[in-house]
Number of protein chains: 2
Amino acid sequence: MTETNFSRKHSEGYQVNHMARLFIRAIQDRIKPLGLSTGTFPVMLALWEKEGQTQRELVQELGVEQATMANTLSRMERDGLVVRRAHEADARVQTVWLTERARGLREPAIRAASEVNDLATRGMSDQQRAEFTTLTTQVIANLSEA
Amino acid sequence: MTETNFSRKHSEGYQVNHMARLFIRAIQDRIKPLGLSTGTFPVMLALWEKEGQTQRELVQELGVEQATMANTLSRMERDGLVVRRAHEADARVQTVWLTERARGLREPAIRAASEVNDLATRGMSDQQRAEFTTLTTQVIANLSEA
DNA sequence: CAATTATATATAGCAAGCTATTAAAATGGA
DNA sequence: TCCATTTTAATAGCTTGCTATATATAATTG
């Protein structure tokens with residue numbers, strides 16, 4: 001009887017949700033002084049990797065909905081992190097570029113994120129940490145295909 | 001150099017956030033027909049366990065902020081899932097009770113959540129599934145004390 | 001017992017996620 | 001070529017999370 005035994009504490013969905021909220025709080029604390037947030041950080045990572053991507057490319061890469069990305073980019077533009085430039089060949093498309101200031105945030109932001117990752121996995125062996133990533137990757141794959 | 005090697009795909013924080021969004025989508029799909037949502041579900045679980053809890057007790061049990069709980073309870077009251085009754089001894093306190101309809105949702109809601117948990121852990125051995133819970137619990141503990 | 005402090009809840013306002021809809025531009029077929 | 005379809009992005013409106021602040025009631029203390 002999975003149903004009658006069900007408990008919050010042993011439900012993967014509940015645990016993951018709780019864990020994600022704790023991650024968000026910890027990262028937020030550390031990147032807020034840089035003018036970044038948990039919504040903008042993944043976009044920054046994608047753009048530090050490759051600037052000039054289109055909104056559609058960012059959506060596919062980060063796995064959020066198109067409307068979420070549009071809103072996030074608007075806030076980022078408002079806050080001076082990115083600029084949107086018209087695509088030269090397709091008037092529907094906007095390409096996204098970092099501002100000079102945003103380019104400079106890479107090192108401290110990544111340092112902050114690494115710090116949180118280390119804190120989160122404190123007390124784990126390298127093997128356990130690798131196992132956590134492996135299992136997480138599998139859950140993502142399982143839920144993505146459904 | 002953790003910093004220069006940093007990649008989204010191998011950052012625990014990023015992975016966990018992504019995984020949590022996928023869980024939310026999967027559970028939402030299945031409990032929406034019941035009139036439930038991912039914000040209300042944990043509250044329902046707590047109340048199915050024990051009715052008449054105060055807002056403060058629910059806050060402590062579920063680990064969300066007080067303001068978040070207040071808003072969630074307001075929506076639940078609006079949607080006919082709970083009623084708030086004055087505490088008999090302390091006029092500051094409201095106790096929270098399920099409606100008849102809400103009591104009847106327990107079985108189908110838990111079935112839906114179990115289904116998502118099974119889907120998420122598909123392809124894992126019992127041992128791996130237990131390991132996932134263990135590691136997740138440790139991350140929650142690590143981030144909670146900080 | 002009055003005044004301060006502590007506790008419980010509510011409200012304001014923002015971020016970041018979602019679905020659904022709209023608008024504009026590009027593409028493709030008759 | 002022109003009309004219908006597809007693609008890209010923006011907007012509206014909702015939930016769920018947060019911080020900061022306000023308000024009301026209890027509790028404590030001088």
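Both backbone and side-chain heavy atoms feed into the values below; hydrogens, waters and symmetry mates do not. Throughout, a chain's letter reflects where its sequence line sits, starting with A, and its residues are numbered from 1.
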(request) Apply the test side-chain hydrogen bond (donor to acceptor under 3.5 Å, both in side chains) to residues B:Q55 and B:Q66: give CA-CA distance (whole Å), side-chain angles for both, the deciding distance (0.1 Å), then the verdict. (result) CA-CA 8 Å; B:Q55 190 186 111; B:Q66 176 267 320; 3.3 Å; yes
(message) Set out, in order, the CA-CA distance, both residues' side-chain angles and the distance that settles side-chain hydrogen bond (donor to acceptor under 3.5 Å, both in side chains) for B:T95 and B:R85, then state yes or no.
(response) CA-CA 5 Å; B:T95 56; B:R85 282 196 225 133; 5.8 Å; no
(message) Does A:R8 form a salt bridge (charged side-chain N to carboxylate O under 4.0 Å, His left out) with B:E49? I'd like the steps, not just the answer.
(response) CA-CA 10 Å; A:R8 224 170 45 243; B:E49 196 108 347; 5.7 Å; no
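Residue contacts for A:S37: at a heavy-atom cut-off of 4.0 Å it reaches the sugar-phosphate backbone alone, with no base atom in range. Within the 4.0 angstrom heavy-atom criterion, only backbone atoms of the sugar-phosphate kind lie near B:T38; the bases stay farther away.
Sequence order on DNA chain D of the closest nucleotides to B:A67 and B:R78 puts B:R78 first from the 5' end. Between B:A89 and B:G39, the residue anchored nearer the 5' end of DNA chain D, judged by the nucleotide with its closest heavy atom, is B:G39.
In this structure, A:Q66 atom CD and D:dA10 atom P are separated by 8 Å, rounded to whole Å. To the nearest angstrom, C1' of D:dC18 lies 16 Å from CG of B:L62. A:I27 places its CD1 atom 17 Å from the P atom of D:dG17, with the value rounded to the nearest Å. Atom CZ of A:R25 is separated from atom C1' of D:dT16 by 13 Å (rounded to the nearest Å). Distance A:R92 CZ to D:dT7 C1': 5 Å, rounded to the nearest Å.
Taking hydrophobic clusters as Ile, Leu, Val, Met, Phe, Trp and Tyr residues chained together by side-chain heavy-atom distances below 4.5 Å, B:I110 shares a cluster with A:V16.
Residues A:V82 and A:W97 form no side-chain contact, since every pair of their non-hydrogen atoms from C-beta on lies 4.5 Å or further apart.
Judged by distance alone with a 3.5 Å cut-off, no donor-acceptor contact links the side chain of A:R56 to the base of D:dT8.
Atom CD of B:E145 is surrounded by more than 12 heavy atoms from other residues, nucleotides or ligands within 6.0 Å.
Note that the first and last nucleotides of DNA chain C, 5' to 3', having any atom under 4.0 angstrom from a heavy atom of chain A are C:dA15 to C:dA26.
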